Each structure stands twice: as C-alpha cells, then as structure tokens.
Amino acid sequence: MALGPPAWKEARQTLQRILSADEAVLRDNADLRAKAFVAQSSAIMHLPVKIGDYTDFYSSVFHATNVGIMFRGKENALMPNWKHLPVGYHGRASSVVVSGTPIRRPCGQTRTDDSQSPVFGPCKLMDFELEMAFFTGPGNKLGEPIPISKAQDHIFGMVVVNDWSARDIQKWEYVPLGPFLGKNLGTTISPWVVTMEALAPFIVTNHTQDPKPLPYLQHEDNFNFDINLTAAISAEGTNGPAVVSRTNFKYMYWTMKQQLAHHSVTGCNMQPGDLLASGTISGPTDDSLGCMLELCWKGTREVDLGNGIKRKFLKDGDEVILTGYCQGDGYRVGFGSCTGKLLPAVNPYQ
C-alpha cells in the first residue's frame, strides 16, 4: 500500500498473468500450485492491514436526513455544516476486527427518561451500520495536506464495514462531541480489499452537490461507484439469513477523494493502512435503509425476519451478514462477507 499506484498496478498485472489459463508457470506445475494455494475451506482470514487510525464519516444524505428527521424534525434534518464538509469522527482502530469475530453487547450509561438520572447497564438498542471503507496508501508529511487532485493516488482499495452501534448509549453521550462508547465496542470489516483499479469499470456519476463545496473539495472527475450492498440477519427460529436491506454505495453524497482531502487539509499526516469509513449507507426507499434505527424508524415499526420473528433492534445471538459486489457485463467483483454474531453483555459491576 505504501509503494503507491505503480506498484499496485504491477502487482495486479503480475497476479492476473500467473493465474491466467494461458500461463504455464502454475498451470503446469502441481508442486508449485500446492505451495502457492490454500483450500478456501481451510483458510483462516485475518485483518489485511495493521490499522493505524480509523475515521468514520457521515456521508449518506439519505441516512443523515432520516436520522435528522427522527430527532429534530424535517425543518432541521441536516445540520448547517452537513452540505459544506464531510462530517466525520475518529474511531477506535484497536477494536476493528475481521469478519467472523463475535461482538459483545456493551455496557454503559443510558437515560431513557429525561427527568431521571442516568443508569449503568447493558445496551438495549443494539444496531448494525452497513458501510464501506477505504484503506490509504502512501501517507503525507505532517503539515502537508493531500490536494484533491492527487487524492486518488493515496486510496488503495475498499472493504465492507459493519460499524456496530449502541444507540441508547450514543444518544446520552454524543452531545457535544459526538459518539464515543456507543461506537468503540467493535467495528467489523471484510477480509478482502478490492483495489480501486478493479473497481474502475464501475465508476458512476458523482452525487449532485448543492451548494457547491469550497474549492479544496471540488473535483470534476467521477469517483463514485456502483457497488451493490445487502444486510441480512440470521436469528434463532428463522429459515436462514433474512435480507433486511438492499442499498448501493452510489448513494453517497461525499466522495472518497473529498473525504481524504478534507481529513488532511489541516496537515493531518495520513499513514499507509489508515481506514476511512463512509458512514451508514442508505438509499431513497424503505428497503434500502442501512441500519435498524432507520428500518424500525426509531422503534415505531418492526422488521420481519420470517417465521413470525420480528426485530426493532438486535437481540443476543443474532448474526449480521453484510455483503458487497459489483456486477459487470459477464463478470462480477465480490468483496466477500462481513459477518458478526452478537454475544450477551457482561456487566462487571453486578
């Protein structure tokens, strides 16, 4: 990642060549194949990168609008800064885990009644967030921003993300500095990193931005991507995973180039392997909402998982399965799955 686009391109071309049916180096050498390959059924996946820093953005206009309507009403759905800059916050890099890692329901402070004092205990409104993220390649020196015209040279590739969210803990703590314990309990990523070169055939038009952002955030080239995303929940009593959301990365308002340019405009020094997430990705329809908070609309409706099983928020034992793929003319690019099972809380103070 640190070597930059020329090395990325060379590595990809080399792999494509030696894996080609027309290339004899592996095709005709059984001993070398045995050393080079591991059966997928025997493979244990790990984090692809030792992540230095993790930043989560809030870049889906549909998600931000929906959440704003729930808590502030239609007239004040988006905060005044939202369409002027990619809103984001620093997450906990050490709690980013690979797909398949169980996540434990957290304990923390909550306050359900505004007239009462807060209490400490297990989260009652546990949620998933369907996101994507990109890994940075070459870094920048402290004090030297990455200009948006060169941002693509610092974006290596993408993964699917579940940024687990404890909604009731988050609601009590987030004013005035934003999420903290409601988010640091765990973030799950898919193990496969799909490079931007592999995603190039799926570039689509950028989301229309009104008002026009400041010059340091402007770029004329398209850097949005048609990536199909699904969220499913597997729960006890259901006949396998039930798909609860079908959305698409193309609904993002702010592009990855804008996110990186904004993050580094202060001179913040990005490092190879830093992870920058999109925030929850929601679309314009009820079946394209990227989290339970939206799907149940703040607890006012239920999500049907089949066999009479319904959810507003996640229950212990539920497994969330997120997937992403691009479909081309006769071929498909897959991100693999991003899965995690919710374990019961452990309260050390009981």
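The shown structure was predicted, so the numbers you read here are calculated from the model rather than taken from an experiment.
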Asks: Strictly by modelled atom types, are W164 and T188 linked by a side-chain donor-acceptor pair under 3.5 Å?
Replies: yes

Asks: What residue among D56, I281, I189, L130 forms side-chain contact (heavy atoms from CB on, under 4.5 Å) with V161?
Replies: I189

Asks: What pair of heavy atoms forms the shortest contact from S288 to P284, and how long is it?
Replies: OG-N, 3.4 Å

Asks: Which atoms form the tightest heavy-atom contact between G336 and W192, and what is the distance?
Replies: CA-CD1, 4.0 Å

Asks: Answer with yes or no after comparing the ring centroid distance for H63 and Y251 against a 6.0 Å cut-off, counting only values under it.
Replies: no

Asks: Between D210 and K83, what is the shortest heavy-atom contact and its length?
Replies: O-CD, 3.3 Å

Asks: Heavy-atom distance under 4.5 Å between the side chains of F135 and V193, does that happen here?
Replies: yes

Asks: Under 3.5 Å, is there a donor on one side chain and an acceptor on the other for Q209 and Q218?
Replies: no

Asks: Donor-acceptor check, side chain of S95 to backbone of N184, threshold 3.5 angstrom: yes or no?
Replies: yes

Asks: Look at the side chain of D127 and the backbone N and O of S165, then say whether any donor-acceptor pair between them is shorter than 3.5 Å.
Replies: no

Asks: With a 3.5 Å distance limit and no angle check, can you tell me whether T136 reaches the backbone of Q271 through a side-chain donor-acceptor pair?
Replies: yes

Asks: Please list, one pair per line, the donor and acceptor atoms closer than 3.5 Å that link side chains of residues 303-312 to other protein atoms, with sequence neighbours excluded.
Replies:
| from | atom 1 | to | atom 2 | distance (Å) |
| --- | --- | --- | --- | --- |
| D304 | OD1 | G306 | N | 2.8 |
| N307 | OD1 | N239 | ND2 | 3.3 |
| N307 | ND2 | G237 | O | 3.0 |
| N307 | ND2 | N239 | OD1 | 3.2 |
| R311 | NE | D318 | OD2 | 2.8 |
| R311 | NH2 | D318 | OD1 | 3.0 |
| K312 | NZ | G299 | O | 3.0 |

Asks: Side chain of E129, backbone of N162: donor and acceptor closer than 3.5 Å?
Replies: no

Asks: With respect to Y54, which candidate in D274, L276, D163 satisfies the side-chain contact (heavy atoms from CB on, under 4.5 Å) definition?
Replies: D163

Asks: Hey, does the side chain of T14 reach the backbone of E10 with a donor-acceptor pair shorter than 3.5 angstrom?
Replies: yes

Asks: Is F225 close to I203 at the side-chain level, that is, under 4.5 Å between some pair of heavy atoms?
Replies: yes

Asks: Is there a chain of hydrophobic side chains (I, L, V, M, F, W, Y, each step under 4.5 Å between heavy atoms) that links W172 to L185?
Replies: no

Asks: Using atom types as modelled and distance alone, determine if a side-chain donor or acceptor of S264 lies under 3.5 Å from a backbone N or O of I146.
Replies: yes

Asks: Contact between K315 and E236 at the side-chain level, heavy atoms closer than 4.5 Å - yes or no?
Replies: no

Asks: Under 4.5 Å between any side-chain heavy atoms of I227 and K250, yes or no?
Replies: no

Asks: Please check: side-chain N/O of N140 versus main-chain N/O of C268, any donor-acceptor pairing under 3.5 Å?
Replies: yes

Asks: Taking all non-hydrogen atoms of both residues into account, name the closest pair between L229 and N248 and its distance.
Replies: CD1-C, 4.3 Å

Asks: Do the side chains of K183 and E173 get close enough for a salt bridge, i.e. N-O under 4.0 angstrom?
Replies: no

Asks: Would a single hydrophobic cluster contain both M158 and M1, if residues Ile, Leu, Val, Met, Phe, Trp and Tyr are joined by side-chain heavy-atom contacts under 4.5 Å?
Replies: no

Asks: Please find the pair of heavy atoms, one from S337 and one from P191, that lie closest to each other, and give the distance.
Replies: O-CD, 3.9 Å

Asks: Report yes if the distance between the aromatic ring centroids of Y253 and W82 is under 6.0 Å, otherwise no.
Replies: yes

Asks: Distance-only, no hydrogens or angles: does the R17 side chain make a donor-acceptor pair with backbone N or O of E23 under 3.5 Å?
Replies: no

Asks: Measure centre to centre between the rings of F335 and Y325, then say whether the value is under 6.0 Å.
Replies: no

Asks: Within the structure provided, determine whether K171 and R111 are in side-chain contact (heavy-atom separation under 4.5 Å).
Replies: no

Asks: Where do R105 and D316 land on the salt bridge (Lys or Arg N to Asp or Glu O under 4.0 Å) test, with the steps shown first?
Replies: CA-CA 8 Å; R105 182 183 296 270; D316 295 343; 2.7 Å; yes

Asks: Return yes if some donor-acceptor pair links the side-chain N/O of Q116 with the main-chain N/O of D113 below 3.5 Å, else return no.
Replies: no

Asks: What pairs of donor and acceptor atoms, side-chain ones from residues 150-157 against any protein atom, are under 3.5 angstrom apart with sequence neighbours left out?
Replies:
| from | atom 1 | to | atom 2 | distance (Å) |
| --- | --- | --- | --- | --- |
| Q152 | OE1 | K257 | NZ | 3.0 |
| Q152 | NE2 | S149 | O | 3.1 |
| H154 | ND1 | P138 | O | 2.7 |

Asks: Would you check if there is a donor-acceptor pair between the side chains of T230 and T323 at a distance under 3.5 Å?
Replies: yes

